[in-house]
Structure formats: structure tokens, C-alpha cells
Amino acid sequence: MQQDQGQSPISLRKQEGGIAVLLVNNPPVNALSQAVRQGLSDAVTQIESDDDIKGAVLHCEGRTFIAGADIKELGKPPLAPFLPDVIAALDQCSKPLVAALHGTALGGGFEVAMGCHYRVASPSAKVGLPEVRLGIIPGAGGTQRLPRLVGLEKAADIITSCRQVKMEEAAKIGLVDAVLKGDLLKEACAFLESKLAEGETPLSISKRSVPDWDEEALSALEAKVKKRARGQLSPVKALESVHNSANMPFEEGMKAERAMFLELAASDQAAALRHSFFGERIVAKVPGLEDVKARSVENVAIIGAGTMGSGIAVAFADAGYQLTVLEMSREGLERGRDRIAGIYQGAVKRGKMSQEQADAKVASFTFTTDMSDLNNADLVVEAVFEDMQVKKDLLTNLEAVVSQDCILATNTSYLDIDEMASVLKRPDNVIGLHFFSPANIMKLLEIVNTDKTAQDVLATAVAVGKRLRKIAVVAGVCDGFIGNRIWAKNRQLLEFFLEDGASVEEVDKAMLEFGFPMGPYAVFDLSGLDIAWAQRKRKKPLMDAAERYVDIPDRLCEMDRLGLKAGKGWYRYEEGSRKPQPDEEVAKVIAEERERKQCKDLHLTTADIQDRVLAGMINEGFKILQEGIALRPVDIDMVLLNGYGYPVWRGGPMHEADRIGLDRIVAILQDMQSQYGKGWEIAPALKDYAGQGKKVADWGK
Ligand code: 3HC
């Protein structure tokens, strides 16, 4: 018998033997929309009141069990019935309920499962409470039920790490009662039948007490979480709520959890993190490619096995591509092979793979010095020295050996790819794939679309980015594309601050407090100051003489202060230590330069430094949008968040622009322009938007 409830995404089907199947059907991920909550609530009432029903299995159609609350509804006034009440009804149901989990039972989805009396799952299912990543805490009992199920430390770890727990661990720690092979629904019904036959009285999780915990281990975890939060509120609040489960009766803990959840859901941080969640998905949708078929890519060749090339090769191999690595010399090739083996060795050390798996991975690569071995490649990525002529020659030689539709990608970080492709017979096969180091770890990939890149080449790059599990953002050709262009401008600004009265330490402190993982000057030291020095030497002759140029970094390089590797850079480093220490010698150089240029002390506060950094990025962002280098403001945000350490809970500069207001950004930029002069003009589009009272979010509408 089937009792469908109109258009409801929930149906209740009674089976032989008094078992009912409660089915959720709300594609794509069965999110807990208002209609789903209402349907579940009605269904529990029906299960309670129907004497024929002895118990029910909650199951979901499609690719996954409920993957959480509907994120689109978060931040808006909540609509009844509220999820905690729906779950309370499940929890208090007098008949046993079994949640049958497949896919990803996340957030509110796993909270629903914890409201049921039993949880069974298919072997490939994963469960978790990733709300913290959205700037909130589990808001429907997750922080109160999970500790009762698995203990305080495990609950705190699962909730603050946002990780998805696989079934092997889930079964071991009691997150699920059984892992069932075969037809999940059939097996879940059989599981319920056996429980009914045993006549077990189900004890809902809310009635259980929190097991004893190890205070020391919990404190250590809490200290780690607080340190890692760097200004993000949700992990810290989640810990507080998990703690409440041990100190408060269930109902009281639930009330406190709900209050924190509602407050956080309405916060700027949660809005920013939702922007990031949807942003990651929006950038993967490139307008104009809807009906374009991607080329098939299986064989990938990487040219150049330096740090970057090796990382790129491992990123592709990890995504299941067949890899060939080409170096010009035997020695270079040996070093490249060692680098790649070293990356896998690191994974063995961290317990991510066995030695045998690492060896098999390295053995799966073809290493060659013979370019004709690339003749069956579908995609070649060059990661050789950043020199236009070197790259042009390489691509010309390459074009002669590869097939007609082999895609030729360059990993250049700033060179003009249009010019690079201009020497080829088929410039339409050329595209930029700009990886970030270490390429097998960093999430960001800039896909650089040239004037001549064929649409299906672009579509292929997007598909490859997805298979690599990267946040792949399409950019146009310009010096630095999206990320490095904004960063270069920012670097200039950081140097101005020094001439204008701030110390290296003050600038770093301001950026750390902004939420960056490290101060920029400490980062420069870590990466080495020589590459940027070489770039400045290359660009200085091309610079407009009217543009302000800060000589301090050049002077430090001339003094062999090349960063951490030299034991001194913007900071000094004790022998064997990576801890940056302020250095009088640097302060002296800065003072001399201020004196020489007669710079005025602007008495910049931490807030001034932060405001200017943000306004500078927004201004360059508008210029990038105007020139069509970025498709949408959100593309810029995703680049900064995923490649440059911009704090994710801020959502990115373009998102922040609307929070702060474009009028205020323009006012900050007016000051900057009057003090910095040439190169710091306000983007006309930004002025227009501010003048018309428009928002960044209106871009393209
Ligand atoms: N709400 C609304 N839409 C959602 C969603 C959700 N919870 N989860 C996914 N979607 C949407 C995505 O935006 C995407 O839409 P699009 O096709 O229009 O771009 C579509 O569903 C498919 O998602 P993905 O492309 O991400 O598909 P994948 O198969 O790669 O991943 C997933 C599936 C693992 C479920 C992933 O989408 C995910 O992690 N979702 C978020 C899970 C989550 O954070 N849940 C907690 C929500 S907050 C909560 O539950 C509060 C509660 O405690 C009260």
C-alpha cells in the first residue's frame, strides 16, 4: 500500500509484517527543505497513530541520504516545522525507527539519523557534521546527541574537523549499528524485523548519558581548534556546545545549542561561508559552455619536473590519469623522479598510503627525455622556466610531435599566453593551467582562456579541473591573471606601508589579525626574496617613471637577505629556527629609505592597514571585472580564498565589499589615491556602482 502525500517529497509505504518505509525524494541531495521537514513530521504522526505499523525504515532516493539542512534557507527566518522539533518527534516515537544511510549523511541529515533509534549504512556511506564550515554549529541536536553516542572527544573532533567519517571507523566507534552489504533498503528492513523479533525496547540517544572522557585529551584538542580558528567563531562555539552536553540536561543543552545556531546563522561569517560554499560550485559553471562537449583526456604529459612540475604530475596521477614526465636531460629526469617519489614518500610517512602503493604509483609514471614519447598525449602541461622564448620554442617543437587535437597547456604564472600561442599552427589548442604550489595539495587552479582558445579546449580544461578536484576558475590573459595580479598590487601596498611609517612586524600583525594564516613578510621570507627580485629587475625598466617604487626589498636582496634560506630577510632567523625575529638592520634600511625619500609618517593603525589592503584588492577586482579578466565577482573571491590564504570566513574581497559598502571603499581609495598617485586610480566601474548605490552582487544583472 502506498500513501503518497500529494506533492510532498516524503512518502510512507507500508509493507508486509508491519514495517513501513519512509522515503525522502528531494533531489539532488535530499536537503531538509521546509517541505521535507513537514513531510517527515506528518509521517511520524502517521506512524504513531497507525496500529498496523510496528516500526519504520527511513530511506532516501537518489545518490545520497539527506545531506543536511537546505543551505539556501539558512540565514533567512526559519520556517516551521523546525528541524529540532521534527527530530524530537522521531526521537520520541514509540516505534523503532531505522535510518538507512547511503552516500553522504551530513549535518541535519545525520542529525535526523541520530534522532532514529538505529542507524544502518551501506559500506560506501559517509557521515559527518560539517556545519562549522558554514559558519554555524549543528543546530538540531548534533552537539548534544553525538557526544552521547561516541563521547566528548570524538564528538568534538568530528564536529570541529568537519570530516566525513567512513564506515570502517563509524562502525568501530558506534556511529552506526550495522554496515550492510547488498540492497540497502531490503537489508535495513530485515535489520528492523530482527530487532522487532527480539522485542528490544529502543533507547533513544537523548535518554543516554555522555560517557566519561579524558579531560587532558579534550583540552589539547580544544587548544588546537582555537588556535586553528584564526578569528572564525563557529569552531569555538561548537566546542562550547559539545561541552554543554556533559554539563546540562539534554533539553537545556538543546536550547543553548539552538540559540547559538540561530545567532551564528544570522552572522556575517556564516553569510561569507555560504557565499564560499555556493561560489565553489558557481565557478565550475562557465557561461557559454553548456552545450560544448569536452575532449577526452586520459594520457597526460608534464614537461619539466621541478617542484611545480612534479606537484602537477602527482595531482594528475592522483586523479587517475596516465602520466608521462619529460625532462631535457637524464640528470634532470632523475631529480624529477626523486622529487615525485619524495612526494609519495611523504604520504607514506603521514600514513596516507603504504610503501607498496607509493612504489606502484611511481612505477606507473613514464619518465622520458625523448619528446616523441609524447605522441599519444591528450594533454601536455609545460612547467618549464618562466621565459617567453623558451616556452615558444618548446611549444613549437611539441606541436610537431603531438596529435592534432592534443591540448597544449602552459603553467606560466604571468606571461602573455596569446603571444606564446601566436607562433603555433593551432593556437586554438593552447590554454593556461596555472597551478599553485604545492600543486598536488593546493585547491586553486586558474584556467587561462586566450583570445584563440577553442571552446571545447576550455570545456576540457574545466572538466579536467573537476576531475583533479580543484576549484578551477576561468581567467583571461593579463599580467598575473586574477590572483597574481591582485597580489602584486597588494605587495606594492605592503611596501608603501613601510615607507609610510609602519614596521614589518606591524604590517604582519595587522594581516594576521585580519585572518591570514601568516604575516605576508614572514611568507616572503619563507618563499625566498630572489624570485620577486628577478621579476622586479625585469619589470622596472617598463614601469611608468611616475609610479611610486619602493627600493627597500631590492636593498635587502643586495645585502644577501634572501629570506629564511639565507637566515635573514625581512626578519632574522636563529640557526636551525624558522621563527621570525625582528631585525635592527631591516629597521635601519627602512629608516634610511624614509629619510632619503622624505616620506611622511601616516601613523597608520592596524585598522587602516587592513582597510587599505581590502580596498586595494576590491579596486583591482573591479578593474579585472571591467576588462573581462574574471567572469564574475565570485570568481575573484574563489581565487583569493583558495590560493592566497584569504580568510574563508570573510568570503573574499568582493563579497566583503557589499558588507562594508562601496561608498566607504571609495572613500578609503580616495585617500590612497591622493597619497600613492599613479597606478592607484579608482576603477571607473567601482565609482559608478558606488554612485548609483549598486552592489557588487548586482554585477552582470
Ligand atoms: N542545501 C542546498 N543545496 C545543496 C546542499 C544543501 N545542504 N548540498 C548540496 N547542495 C546543492 C549544491 O549546491 C549543488 O547544486 P548545483 O548543482 O545547483 O550547483 C548540488 O546540490 C550538488 O552538490 P555538489 O555539486 O556539491 O555535489 P557532490 O556530489 O560533489 O557533493 C555533498 C555532495 C557531499 C552533499 C556536498 O554537496 C556537500 O558537502 N553539501 C553540503 C553538506 C552540508 O554542509 N550539510 C550541512 C548543512 S547545514 C545543516 O545541516 C544545519 C543543521 O545542523 C540544522
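Read the numbers this way: they start at 1 and go in the same order the structure lists the ligands and their atoms. Numbers here are sequence positions counted from 1.
Using a 4.0 Å cut-off to heavy atoms of P138, the atoms of ligand 1 that qualify are 53 (O). Close approach of ligand 1 to P28 is summarised as follows: ligand atoms under 4.0 Å from at least one heavy atom of the residue are 20 (C), 21 (O). Each of the following atoms of ligand 1 lies closer than 4.0 Å to a heavy atom of F278: 13 (O). Taking every non-hydrogen atom of G107 and a distance limit under 4.0 Å, the qualifying atoms of ligand 1 come out as 46 (C), 50 (O). Contact atoms of ligand 1 toward D70: 1 (N), 2 (C) (distance under 4.0 Å to a heavy atom of the residue). Counting atoms of ligand 1 from 1 in the listed order, those under 4.0 Å from a heavy atom of G68 are 45 (N), 50 (O). Near T104, the atoms of ligand 1 lying under 4.0 angstrom from a non-hydrogen atom of the residue are 34 (C), 35 (C).
Residue, atom and distance of the protein heavy atom nearest to atom 3 (N) of ligand 1 are K72 NZ, 4.0 Å. In terms of protein heavy-atom proximity, atom 23 (O) of ligand 1 is closest to R63 NH2, 4.0 Å. The protein non-hydrogen atom at the shortest distance from atom 53 (O) of ligand 1 is E131 OE2, 2.5 Å. Given atom 7 (N) of ligand 1, the protein heavy atom at minimum distance is A69 O, 2.8 Å.
For residues 238-272, the set of pairs meeting the ring-ring contact (aromatic ring centres under 6.0 Å, His included) definition, not counting sequence neighbours, is empty. For residues 264-277, the set of pairs meeting the side-chain hydrogen bond (donor to acceptor under 3.5 Å, both in side chains) definition, not counting sequence neighbours, comprises H275-D637.
Judged purely by distance below 3.5 Å, without hydrogens or angles, the side chains of N440 and Y344 never pair a donor atom with an acceptor atom.
For atom 24 (P) of ligand 1, the nearest non-hydrogen atom from the set K285, R133, R281 belongs to R281. When R469, E111, E73, E280 are ranked by how near their heavy atoms come to atom 54 (C) of ligand 1, first place goes to E111. Distances from atom 10 (N) of ligand 1 to the heavy atoms of L106, I136, V29 put V29 nearest. Of the candidates L273, T143, L134, the one placing a heavy atom closest to atom 48 (S) of ligand 1 is L134.
In summary, K255 and E252 do not engage in a salt bridge, as defined by a charged side-chain N under 4.0 Å from a carboxylate O. Comment: E73 engages R37 in a salt bridge, judged by a side-chain N to carboxylate O separation of less than 4.0 angstrom. By the 4.0 Å N-to-carboxylate-O rule, K172 lies too far from E169 to be salt-bridged with it. Between E656 and K695 no salt bridge is recorded (no basic side-chain N to carboxylate O distance below 4.0 Å).
Contacts between A67 and ligand 1, counted as non-hydrogen atom pairs separated by less than 4.0 Å, involve both the backbone and the side chain. Heavy atoms from both the backbone and the side chain of I71 come within less than 4.0 Å of ligand 1.
When all heavy atoms are compared, the tightest approach of I159 to A238 is CG2-CB, 3.8 Å. Nearest heavy atoms, K207 versus D91: NZ-OD1, 4.1 Å. Shown here for K443 and R469, the closest heavy-atom pair between the two residues is NZ-O, 3.2 Å.
Look at T64 and you'll find every heavy atom at least 4.0 Å from all atoms of ligand 1. In this structure, P130 is part of the shell of residues with a heavy atom less than 4.0 angstrom from ligand 1.
Atom 15 (O) of ligand 1 lies below 4.0 Å from none of the non-hydrogen atoms of the protein.
Contact of the T160 side chain with the E222 side chain is not registered, since no non-hydrogen atoms from C-beta on lie closer than 4.5 Å.
With a 6.0 Å cutoff to the six-membered ring centre and a 45° limit on the axis angle, R133 does not count as a cation-pi contact of F277.
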